[in-house]
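Comments concern the structure below.
Counting from 1, the numbers follow the sequence of the chain as shown.
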Amino acid sequence: MRRTRILTAVLALAAGLLAGTPPALAADSPAKVSLAADTYTWKNARIDGGGFVPGIVFNRKEKNLAYARTDIGGAYRWQQSTKTWTPLLDSVGWDDWGHTGVVSLASDSVDPNRVYAAVGTYTNSWDPKNGAVMRSSNRGASWQKTDLPFKLGGNMPGRGMGERLAVDPNRNSVLYLGAPSGKGLWRSTDSGVTWAQVANFPNVGNYQQDPGDTSGYASDNQGIVWVTFDESTGTTGNATKTVYVGVADLQNSVYRSTDAGATWTRLAGQPTGYLAHKGVLDAANGYLYLSYSDKGGPYDGGKGQVWRYATATGTWTNISPVAEADTYYGFSGLTVDRQKPGTVMATAYSSWWPDTQIFRSTDSGATWTRAWDYTSYPNRANRYTMDVSSSPWLTWGANPSPPEQAPKLGWMTESLEIDPFDSNRMMYGTGATLYGTENLTNWDSGGQFAIRPMVQGLEETAVNDLASPPSGAPLLSALGDIGGFRHTDLTKVPSMMFTSPNFTTTTSLDFAETNPNTVVRAGNLDSGPHIAFSTDNGANWFAGSDPSGVSGGGTVAAASDGSRFVWSPDGAGVQYTTGFGSSWSASSGIPAGAVVESDRVDAKTFYGFKSGKFYVSSDGGATFTASAATGLPAGDSVRFKALPGAKGDVWLAGGATDGAYGLWHSTDGGASWTKLSNVDQADAIGFGKAATGASYQTLYTSAKIGGVRGIFRSTDKGASWTRINDDAHQWGWTGAAITGDPRVYGRVYVSTNGRGVIYGDSSDTGGGTDPTDPTDPTPTGACAVTYKVTNQWSGGFQADVRLTNTGAGAWTGWALGWTFPNGQTVSQTWNAETAQSGATVTAKNVNWNANVAAGSSVSFGFTGTWSGTNGRPTAFKVGDQSCAVS
């Protein structure tokens with residue numbers, strides 16, 4: 001599945017100031033910005049997977065400690081007790097959005113508490129920042145970061161090779177990192193704090209997927225692609241002597257040092273004409289296994305081989321499972337069974353049709369068997385069974401003819417790992433999910449091993465649009481790569497993505513405000529229609545027709561009563577239709593590529609925006625007229641929405657840092673606009689159920705307010721704002737879409753670029769808690785505390801604390817004190833500032849969560865150390881007031 005997704009914000013970086021006369025916009029009077037905090041619980045609307053998993057890493061010292069990396073959606077840690085994945089990089093903020101792309105992971109086999117991630121999404125101009133190495137001493141619960149002087153490419157070609165980052169298994173303060181773009185091999189000798197280039201490494205790589213690509217994406221030198229230590233050549237506390245390095249060079253792909261990196265040489269006699277995607281060492285037998293492809297992946301690959309290198313003698317042996325002439329794919333996924341030396345497995349990562357293939361050998365590659373074989377073509381015999389009932393959409397709703405099957409065994413299968421402690425457990429990543437088995441050795445006894453998704457908790461979709469209708473399903477989503485879903489239950493995986501047609505990416509969707517059973521979506525498809533309609537709230541779909549020239553989905557809007565639609569597709573101008581798109585007519589007065597939306601009351605009123613101009617149609621989209629208003633953002637990184645229930649009430653968010661940027665409001669259908677002076681920047685706007693006693697719907701925005709980036713809520717028409725996320729829940733870039741729920745006060749749906757659909761629920765279910773007056777008195781009266789250890793490991797733990805104001809007055813600052821019963825020590829805190837003296841701890845508010853209304857709560861968390869016993873504190877105080885403890 002192709003995953004070259006680019007942020008729309010990145011594409012709009014060229015937005016400039018509007019030319020001409022000064023802006024003729026009203027400016028609201030300066031408002032006091034109060035960044036009060038609410039307590040939200042954040043979860044994913046379950047999809048389970050949805051993207052490429054290019055790396056899986058098991059710790060070699062501790063059982064059940066495993067990590068997975070994604071190309072744009074962060075890193076995850078396996079939770080054995082629940083058999084789910086825990087996200088580890090949700091703290092990555094807006095300015096560092098590229099650090100949600102993970103090019104490599106390394107788990108320390110000396111100290112399992114330590115884990116490292118090499119992060120950065122693109123090496124070309126699409127990602128403006130350099131890469132970084134993030135390090136954690138508590139299994140990813142919190143991180144420290146070292147910025148690098150070059151970029152990394154978690155979503156670049158070649159991202160399935162690796163691992164590029166490795167920890168010396170004998171001297172764990174030493175790490176190596178393979179860099180792309182000709183930047184060479186890098187080394188740290190202080191556990192990832194500082195890095196320096198290995199100046200004497202002889203080859204920085206030269207392979208480019210497409211040297212002629214002027215964007216810099218496919219033309220980047222894929223560089224140094226993996227590092228592997230031979231642990232048998234070192235002793236505890238001393239640097240491992242023998243290190244192997246893989247290089248993206250078709251003629252010179254493997255190098256070795258036998259003196260702990262002091263000198264390096266090209267391995268003599270190695271295969272040429274191929275890239276070594278993986279190098280996995282079986283120290284027990286003295287073999288280095290290498291999986292080769294003629295391309296860098298993860299989509300391509302025409303020929304491949306698998307080789308074995310005897311580390312003691314230097315002998316090379318071609319152990320390819322099939323003859324090179326019979327391959328139409330490259331090899332990549334590669335693993336050995338640490339419990340049964342001599343057992344090795346490999347994948348045909350680029351075998352798209354009829355399916356991927358997995359190969360297994362129990363004699364060090366002398367002979368192989370396959371996960372499936374032909375009986376009499378096109379019929380297949382599988383050594384496995386597949387149960388995707390937990391993620392039923394993985395069938396894609398397909399009913400293929402043999403030799404294809406649904407679900408497929410996979411594609412883009414570049415990660416494959418046997419649990420080093422359990423020969424029966426194996427996991428592998430695909431372009432859509434992470435599969436696994438717990439009875440793998442059935443393969444060897446002639447039985448079938450059972451494959452199922454092992455992906456719950458790992459959410460990796462890129463979200464383009466969201467809708468929450470007033471009736472029917474609470475959530476409709478437009479997603480990259482897998483189209484989108486209708487969620488009738490946010491806690492359950494939907495049975496199927498949108499089908500008939502299956503868009504590869506849905507770019508926009510809308511519903512009729514007064515007739516929510518009518519839904520429209522537009523999207524991309526290599527061959528076929530680019531628009532589809534539903535008359536049952538998105539449960540079933542039928543395709544519309546395309547006007548001439550359409551090449552992509554663009555944006556689409558439904559009339560408030562569902563009687564007509566306006567569509568702004570890629571490749572053609574804005575179009576309108578009555579009925580369900582059997583024919584389209586060109587709209588006049590509005591430029592091609594405009595973003596379109598509908599008024600939520602008047603069925604004939606539609607709106608558009610393009611390059612600083614707002615457009616209005618009052619005849620169902622046939623003709624548009626440009627508003628006279630100026631001063632709106634000059635570029636096209638803009639999202640706007642009309643308020644349900646109020647004709648002509650429109651909110652517009654967007655802009656760029658080199659021009660107009662913020663949040664605007666119009667109550668006359670775009671004829672005039674007021675810019676909110678208390679919003680620094682805004683990128684998406686949405687509406688939800690009004691707070692108790694409020695006369696206006698709740699506003700939600702992904703914005704920068706009071707100098708702070710976050711997700712904000714207003715219950716008073718934008719006069720004041722509450723930040724409802726926190727520093728631990730930022731999810732990188734959240735600018736594509738946001739919407740509240742019209743049926744549940746406080747519920748908000750947030751788009752991410754790789755972490756799926758996030759939804760938040762407020763502890764303030766009654767509404768009306770947005771910010772209190774900062775002149776309110778300091779905390780007095782009753783309080784309550786919930787203290788919960790959320791994760792614990794040898795010597796360390798993570799805890800969450802919820803403090804509730806149960807008194808009658810509001811707080812404008814708070815300080816919570818407690819004493820640890822067993823001498824625990826706080827290491828790192830988020831959403832609070834802590835000080836500790838002996839066993840006594842004081843946690844104080846930070847600037848944005850000082851205000852806590854009566855009946856509301858504030859939460860913070862911390863990591864700490866313990867030994868012997870990790871008992872809970874039994875008494876908490878705010879000032880002199882003792883708090884109830886639960």
Side-chain angles (χ1 to χ4, degrees), residues 1-4 51-56 71 103 153-164 180 205-213 217-226 246-254 270-280 289-307 318-335 344-360 365 368 370-372 403-404 408-416 428-432 481:
M1 181 159 292
R2 194 164 184 84
R3 296 174 63 77
T4 55
F52 182 34
V53 181
I56 301 165
D71 51 5
V103 72
N155 199 33
M156 294 292 289
R159 60 191 179 272
M161 295 192 279
E163 292 292 319
R164 299 171 186 254
N206 60 19
Y207 178 79
Q208 302 163 278
Q209 178 180 297
D210 178 7
D213 178 15
Y217 178 77
S219 58
D220 186 48
N221 173 6
Q222 295 182 17
I224 312 298
V225 295
W226 54 263
V247 180
D249 179 338
L250 291 167
Q251 305 305 315
N252 310 282
S253 63
V254 185
Q270 66 182 270
T272 59
Y274 295 94
L275 302 175
H277 276 226
K278 302 278 195 302
V280 176
Y289 294 98
L290 300 116
S291 54
Y292 285 95
S293 173
D294 58 355
K295 301 290 178 61
Y299 318 111
D300 51 13
K303 293 294 179 181
Q305 295 180 350
V306 178
W307 284 76
N318 186 337
I319 58 167
S320 300
V322 296
E324 179 197 40
D326 294 332
T327 61
Y328 52 92
Y329 46 77
F331 294 98
S332 183
L334 184 66
T335 187
V344 59
M345 297 180 69
T347 66
Y349 77 93
S350 57
S351 178
W352 292 77
W353 189 93
D355 208 341
T356 198
Q357 185 61 274
I358 302 176
F359 303 91
R360 180 174 172 89
W368 298 83
R370 312 180 193 205
W372 59 271
E404 286 192 285
K408 284 194 172 188
L409 189 59
W411 58 89
M412 294 166 60
T413 49
E414 294 220 60
S415 57
L416 173 80
Y428 69 98
T430 78
D481 291 347

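Of all the heavy atoms in Asn252 and Gln270, the pair that sits closest is C-OE1, 3.8 Å. Considering all non-hydrogen atoms of both residues, Asp213 and Ser219 come closest at O-OG, 2.8 Å. Residues Asp355 and Ser351 share a closest heavy-atom pair of O-OG, 2.6 Å. Considering every non-hydrogen atom in both Gly330 and Ser350, the closest pair reads N-OG, 2.9 Å.
A donor-acceptor pair is defined here as one N or O able to donate and one able to accept, closer than 3.5 Å; such a pair exists between the side chain of Asp294 and the backbone of Lys303. A donor-acceptor contact shorter than 3.5 Å links the side chain of Gln357 to the backbone of Ala371. A distance-only check finds a donor-acceptor pair linking the side chain of Lys278 to the backbone of Glu414 [under 3.5 Å]. Judged purely by atom type and a 3.5 angstrom limit, Gln209 has no side-chain atom pairing as donor or acceptor with the backbone of Ala218.
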Kindly indicate, with the supporting measurements, whether the criterion side chain to side chain contact (heavy atoms under 4.5 Å, CB included) is fulfilled by Met412 and Trp352. CA-CA 8 Å; Met412 294 166 60; Trp352 292 77; 3.9 Å; yes
Take Arg164 and Val225 through the test side chain to side chain contact (heavy atoms under 4.5 Å, CB included) and record every step on the way to the result. CA-CA 5 Å; Arg164 299 171 186 254; Val225 295; 3.6 Å; yes
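Residues Tyr428 and Thr335 have side chains not in contact (no heavy-atom distance under 4.5 Å, counting atoms from C-beta outward). Between Gln222 and Met156 the shortest side-chain heavy-atom distance does not fall below 4.5 Å. Considering only heavy atoms from C-beta on, Pro321 stays 4.5 Å or farther from Arg370 through its side chain. Side-chain contact between Val344 and Trp368: present, with at least one pair of heavy atoms (C-beta onward) separated by less than 4.5 Å. Proximity of Val254 to Trp226: side-chain heavy atoms (C-beta onward) are separated by under 4.5 Å at one or more points. Contact of the Trp372 side chain with the Pro354 side chain is registered, since non-hydrogen atoms from C-beta on lie closer than 4.5 Å. Trp353 is listed as a side-chain neighbour of Pro403, based on a closest heavy-atom distance under 4.5 Å.
Each of Asp300, Val322, Thr413 was evaluated against Tyr329; a single residue qualifies, Val322, per the side-chain contact (heavy atoms from CB on, under 4.5 Å) test. For the side-chain contact (heavy atoms from CB on, under 4.5 Å) test with Tyr207, the passing option among Asp220, Leu250, Asp249, Val247 is Leu250; the others fail.
Note: Leu334 CG to Ser415 OG = 12.0 Å, rounded to the nearest 0.5 Å. To the nearest 0.5 Å, the span separating NE2 on His277 from OG1 on Thr347 amounts to 9.5 Å. Atom OG of Ser332 and atom OH of Tyr292 lie 13.0 Å apart (nearest 0.5 Å). Summarising the geometry, atom CG belonging to Asp71 is positioned 6.5 Å from atom CZ belonging to Phe52; distances are rounded to the nearest 0.5 Å. Summarising the geometry, atom CG belonging to Asn318 is positioned 11.5 Å from atom CG belonging to Leu290; distances are rounded to the nearest 0.5 Å. Atom CZ of residue Phe331 and atom CD of residue Gln305 lie 8.5 Å apart, to the nearest 0.5 angstrom.
Looking only at atom types and distance, the side chain of Thr356 has no donor-acceptor partner in the side chain of Tyr349 under 3.5 Å away.
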